[in-house]
There are 2 protein chains.
Amino acid sequence: MLDATSSYEIMDQRIPVDDRTGRRIVPETHSRADRLSTTRYGNRPTMKDVAARAGVGLKTVSRVVNGEAGVTPETEHRVREAIEALGFRRNDSARVLRKGRTASIGLVLEDLADPFYGPLSRAVEEVARANGALLINGSSAEDPEREQELVLALCARRVDGLVVIPAGDDHRYLEPELKAGVATVFVDRPAGRIDADVVLSDNFGGARDAVAHLIAHGHRRIGFVGDMPRIHTAAERLRGYRAAMEDAGIEVADAWTSLGVTDPQRVRRAAEEMLSGPSPVTAIFTGNNRVTVTVIRVLAEHTRRVALVGFDDIELADLLQPGVTVVAQDAATLGRTAAERLFRQLDGTLLTPERIELPTRLITRGSGELAPAD
Amino acid sequence: MLDATSSYEIMDQRIPVDDRTGRRIVPETHSRADRLSTTRYGNRPTMKDVAARAGVGLKTVSRVVNGEAGVTPETEHRVREAIEALGFRRNDSARVLRKGRTASIGLVLEDLADPFYGPLSRAVEEVARANGALLINGSSAEDPEREQELVLALCARRVDGLVVIPAGDDHRYLEPELKAGVATVFVDRPAGRIDADVVLSDNFGGARDAVAHLIAHGHRRIGFVGDMPRIHTAAERLRGYRAAMEDAGIEVADAWTSLGVTDPQRVRRAAEEMLSGPSPVTAIFTGNNRVTVTVIRVLAEHTRRVALVGFDDIELADLLQPGVTVVAQDAATLGRTAAERLFRQLDGTLLTPERIELPTRLITRGSGELAPAD
DNA sequence: CCCGCATCTGACAACGTTGTCCAGGCTCTA
DNA sequence: TAGAGCCTGGACAACGTTGTCAGATGCGGG
């Protein structure tokens with residue numbers, strides 16, 4: 001997957017990391033880069049060209065392009081004509097090099113295709129836009145190494161700031177960047193081993209409430225299907241589940257929890273085992289949207305009615321029979337809050353790293369209110 | 001309005017923002033950034049610094065960083081130590097300026113939060129990654145002006161290529177860019193007034209099949225709820241609806257079609273009118289995923305059973321009662337195909353613009369097979 | 001008529017990197 | 001031991017832009 005030969009610009013940066021292959025990459029990429037064209041940028045006109053055509057100095061063009069004062073309307077007109085005639089477009093790379101700010105921020109998340117991250121990403125984008133910045137984003141696919149790769153590639157491009165939904169649990173590699181002034185906010189999960197701004201959902205509280213809700217409806221044998229406890233959110237939700245059970249004086253049987261299983265087939269099997277073991281569960285608490293969807297499918301095939309509460313809301317959850325009770329977190333607010341803090345870091349308003357925890361909301365729709373059916 | 005000069009106004013918009021922060025930041029950030037230093041990039045070390053510390057020449061550092069041959073292991077070691085000690089990270093802006101390629105591509109779509117675009121975006125990202133490029137993306141919010149703004153901002157950053165899901169219908173503003181060698185592929189909707197690569201779904205065929213399917217199940221009064229015909233996909237789907245009706249010799253009543261209404265409340269009203277007019281429909285064909293979801297809600301409140309086929313697949317569609325029959329298009333394949341063509345343009349394999357149409361797939365789940373209930 | 005001032009314009013350096021080219025030192029051979 | 005050839009390392013220019021500063025121009029007042 002991480003085919004070194006095919007990835008050249010970014011991977012060069014990784015050379016310290018994988019020294020073995022590093023050397024071999026370079027010659028092979030020649031074929032690609034060099035076949036492209038003989039002239040850089042396909043020979044785009046520069047300010048110099050515009051200046052020559054308009055018969056003015058370089059700096060005058062710059063002034064026109066940037067709307068600076070001190071240019072006669074007549075001169076400005078000539079310059080604009082030249083710009084249009086040549087199809088000139090300012091080269092922001094050079095501008096960045098000169099000015100030191102890129103007006104772009106990076107967003108690293110797990111998977112852009114996940115319906116949880118779409119709205120989050122969009123919210124970040126909107127804030128970026130309001131601050132005149134573009135958004136570069138990348139998916140880590142829950143792989144710490146890939147996360148680091150992406151983050152460092154973004155830093156090499158000198159993004160002004162980073163919004164990171166971390167996959168790994170050690171972010172000391174970011175220390176030089178933080179020192180260098182790259183604004184950074186972690187979202188959804190905290191940073192590992194460094195001091196940084198964090199915006200989280202109240203995963204523990206949400207999970208505890210969800211399970212307490214099931215207990216309040218008479219359940220005692222409650223299953224939990226969650227992700228790897230290595231992931232902070234998964235660990236917190238597990239903790240919430242355990243806390244609620246303990247609060248109610250219920251001992252949790254080993255067979256009731258499934259951790260770290262995520263692909264649909266295996267989630268399916270895990271759920272079925274809970275439902276058919278010697279002490280079968282009467283309710284299930286699912287740890288994220290994907291798991292919830294799979295478990296809904298499993299339950300739909302069962303005749304026995306099993307209660308369900310899921311973490312994360314799901315589209316159409318209200319239209320299923322029964323409606324799916326969930327603990328909803330607000331992805332858009334999560335993203336917006338993080339991005340706003342990022343820009344406040346950048347304009348110097350925000351000084352000390354904080355940990356912000358947003359509340360979750362239990363939405364009852366039926367599936368979580370079913371009575372136990374033994 | 002959309003002349004060449006406006007692009008600079010776009011950047012000018014950014015500049016005031018930039019300047020406001022840029023200028024004022026410096027003093028204010030003292031506490032955070034200046035704890036470390038006072039200059040640009042928070043005084044990041046450059047190759048020069050590394051060279052000085054390692055006691056070698058500038059170019060030698062460059063060689064080490066880029067894995068070029070011609071450096072003794074011992075020298076290389078010294079350089080790497082200096083790099084680590086200083087926390088040096090190559091400045092890709094300068095690199096880009098020098099080399100002329102950014103190894104990044106831009107993706108402009110309607111709304112990242114839409115479940116249709118998430119997978120598409122992710123697919124583009126994966127292809128970009130395989131080719132060593134990063135992805136910058138922006139949402140046009142279905143606004144042609146904003147689309148142009150975004151596209152031109154991306155061009156100013158000298159992205160190597162663009163994947164565009166257009167909102168507007170006139171893309172002549174892209175001509176200078178195309179000439180300058182910016183690889184461009186349009187997705188989901190064709191480019192307007194320029195000759196460019198396009199990857200589309202078979203919207204017309206899919207819609208016609210969907211409506212024919214309803215007709216085959218005995219329906220004659222079939223409603224269509226779609227988006228503004230200004231949007232190519234919406235127009236094509238409308239055309240498909242009309243073609244199927246005409247093929248069956250059915251005259252379409254005005255009251256049966258709703259176009260350009262998208263927000264849930266008004267879609268709801270539109271659907272209810274179709275269902276309660278003098279000649280109420282017995283089936284509805286919905287033109288995109290958001291509309292489908294809303295109409296499902298409306299139908300769920302009705303006692304009379306109304307058939308439904310939706311364009312675009314929906315998560316959990318199989319678990320509803322009845323399951324939702326849809327015409328599915330494969331967003332990921334759409335994105336992947338487009339991105340692959342983009343990189344083939346870049347490496348010179350692909351020379352002439354083409355129009356590629358991907359088939360859609362009718363997935364029957366129950367709602368489209370209901371008999372008419374008058 | 002000239003000076004001072006304000007307004008407009010342009011030459012030049014700098015941003016951090018990479019490509020070119022040359023210098024110096026080494027090894028190997030005659 | 002001298003000369004050829006190779007290998008390593010460094011000086012320098014260039015990429016396209018912006019900030020600085022000084023020069024040119026025009027105008028009004030003394």
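Chain naming here is simple, since letters A, B, ... match the order of the sequence lines and numbering starts at 1 in each.
In this entry the distance linking CZ of A:Arg101 with P of C:dC15 reads 17 Å, nearest Å. Atom CG of B:Leu97 is separated from atom P of D:dA13 by 17 Å (rounded to the nearest Å).
Between D:dG10 and B:Thr60, a contact under 4.0 Å exists linking OP1 or OP2 to a side-chain N or O.
A donor-acceptor pair is defined here as one N or O able to donate and one able to accept, closer than 3.5 Å; no such pair exists between the side chain of A:Thr46 and the backbone of A:Arg44. Using modelled atom types, no side-chain atom of A:Glu177 and backbone atom of A:Cys155 make a donor-acceptor pair closer than 3.5 Å. A distance-only check finds no donor-acceptor pair linking the side chain of A:Thr102 to the backbone of A:Val96 [under 3.5 Å].
Counting only heavy atoms from C-beta outward, the side chains of A:Phe343 and A:Asp160 never approach each other to under 4.5 Å. Counting heavy atoms from C-beta on, the side chains of A:Tyr173 and A:Leu152 come closer than 4.5 Å.
Counted within 6.0 Å of CD on A:Glu68, heavy atoms from surrounding residues, nucleotides or ligands total more than 12; the atom is thus considered enclosed.
A search for salt bridge (charged side-chain N to carboxylate O under 4.0 Å, His left out) contacts involving B:Arg78 returns B:Glu74, not counting sequence neighbours.
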Distances under 3.5 Å between protein N/O atoms and the N/O atoms of nucleotides 17-24 of chain C, please, pair by pair.
| from | atom 1 | to | atom 2 | distance (Å) |
| --- | --- | --- | --- | --- |
| C:dT17 | OP1 | B:Asn91 | N | 3.1 |
| C:dT17 | OP2 | B:Met47 | N | 2.7 |
| C:dT18 | OP1 | B:Asn66 | OD1 | 3.3 |
| C:dT18 | OP1 | B:Asn66 | ND2 | 3.1 |
| C:dT18 | OP1 | B:Arg95 | NE | 3.0 |
| C:dT18 | OP2 | B:Ser62 | OG | 2.9 |
| C:dT18 | OP2 | B:Asn66 | ND2 | 3.2 |
| C:dT18 | O2 | B:Arg98 | NH1 | 2.2 |
| C:dG19 | N7 | B:Lys59 | NZ | 2.8 |

Polar atom pairs (N or O), protein with nucleotides 5-8 of chain C, under 3.5 Å:
| from | atom 1 | to | atom 2 | distance (Å) |
| --- | --- | --- | --- | --- |
| C:dC8 | O3' | A:Thr72 | OG1 | 3.0 |

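Taking each heavy atom of B:Pro166 and B:Val187 in turn, the nearest pair found is CD-O, 3.7 Å.
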